[in-house]
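Bear in mind that the values here come from a model prediction, so they are computed numbers and not experimental data.
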Amino acid sequence: MSTSTHLRVDGLSFSYAGSPTSRPLLTDVTFTVSAGERVGLIGENGSGKSTLLRCLAGLLAPTGGAVTATTRGGSATLGLLHQLPPFDPDDTIADAVESAVAPVREAERSLSHAADALSAVPASGPAAPDARSAAAAYVQALVVAERLGVWQVDARIATTLAGLGLARLDRRRPTDTLSGGQQTRLSLAWLLLRRPDVLLLDEPTNHVDDAAVAFLLET
């Protein structure tokens, strides 16, 4: 979890509509995860671990209580690794990777457009107000590009795929031809490249070797 992010759960309860039992699956769950902490959930199968993570991620609406995730300047983003891959089965590995870093690519394009607009406007004369406006737009685009790591994204992709044992795969390969373990690792790579403030990982070490676990712990 980001070193500036806090996750708070207050009295969270959940029960499935139409369940044959009236007993809720989760009842009055309350805890706080401070910035930089790593917390593990331990429990028997069917005890509600995956359901709790889905509630935290906003994929399920709790029947009671609240989840709050905050970071500097506002709400935090939460990313969940679960059973369904976050990319389309028809996607290639490259498509999946690019969908993960799409906001970074968009920031790169916005910066390029802002730079072109700035260079096209004379800095003095009647067009001076337009130049000031173009300069302000360029500065704003530059701030976003720096925050998202535009210039580091390709290195980050290579490092992530290598760390999870996927570097040798042909990126033109369709994801539906990957083994179950490879799909799990690519899903994890997708999530890490997305860079949410809070990582919610449901059995993340399944189909992952020791080297990939070590990489995940260092990320």
Report the distance from atom [atom1] of [X] to atom [atom2] of [Y], rounding to the nearest 0.5 Å.
X	Y	atom1	atom2	answer
R168	L161	CZ	CG	13.5 Å
T177	I93	OG1	CD1	7.0 Å
S110	Q140	OG	CD	9.5 Å
Y138	S119	OH	OG	10.5 Å
T30	D28	OG1	CG	4.5 Å

Does any part of the side chain of [Y], heavy atoms only, come nearer than 4.5 Å to the side chain of [X], both counted from C-beta?
X	Y	result
L216	L192	yes
L186	L178	yes
V104	R156	yes
F31	D10	no
F14	L60	yes
L193	I157	yes
F87	S187	yes
D95	D88	no

With hydrophobic residues grouped by side-chain heavy-atom distances under 4.5 Å, do V198 and L59 end up in a single group?
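The answer is yes; both residues are in one hydrophobic cluster.
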
In the single-linkage hydrophobic clustering (I, L, V, M, F, W, Y; side-chain heavy atoms under 4.5 Å), do V67 and L41 co-cluster?
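They do share one cluster, since a chain of ILVMFWY contacts under 4.5 Å joins V67 to L41.
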
Apply the test side chain to side chain contact (heavy atoms under 4.5 Å, CB included) to residues L200 and L81: give CA-CA distance (whole Å), side-chain angles for both, the deciding distance (0.1 Å), then the verdict.
CA-CA 6 Å; L200 305 170; L81 176 71; over 6 Å; no

Evaluation steps, side chain to side chain contact (heavy atoms under 4.5 Å, CB included), between W190 and V97:
CA-CA 6 Å; W190 187 98; V97 167; over 6 Å; no

Main-chain N/O of [Y] paired with [X] side-chain donor or acceptor, under 3.5 Å:
X	Y	result
T63	S13	yes
Q182	S179	yes
T92	R173	no
R38	L217	yes
R8	T32	no
Q183	G180	no

More than 12 heavy atoms of other groups within 6.0 Å of D210 CG
no

Around Q152, counting heavy atoms of other residues, nucleotides and ligands shown, do more than 12 lie under 6.0 Å from its CD?
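Enclosed.
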
[X] and [Y]: which non-hydrogen atoms are nearest, and at how many Å?
X	Y	result
G48	L26	O-CD2, 3.9 Å
G79	P196	N-CB, 3.5 Å
A131	V121	N-CG1, 3.4 Å
L164	F215	CD2-CD2, 3.9 Å
A107	V150	CB-CG2, 4.1 Å
E146	W151	CG-CZ3, 3.7 Å

R105 bridged to D154 by N-O distance under 4.0 Å:
yes

So S15 and L25, side chain to side chain contact (heavy atoms under 4.5 Å, CB included) or not? Walk me through it.
CA-CA 5 Å; S15 58; L25 183 58; 5.8 Å; no

Using the salt bridge (charged side-chain N to carboxylate O under 4.0 Å, His left out) rule, collect all pairs that involve residues 42-56, keeping only residues at least two apart or in two chains.
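Listed once each, the pairs would be none.
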
Hey, mind stepping through D197 and T71 against side-chain hydrogen bond (donor to acceptor under 3.5 Å, both in side chains) and telling me if it holds?
CA-CA 8 Å; D197 297 308; T71 191; 4.5 Å; no

Would V9 and L56 satisfy side chain to side chain contact (heavy atoms under 4.5 Å, CB included), going step by step from the backbone distance to the final call?
CA-CA 8 Å; V9 180; L56 299 183; 3.5 Å; yes

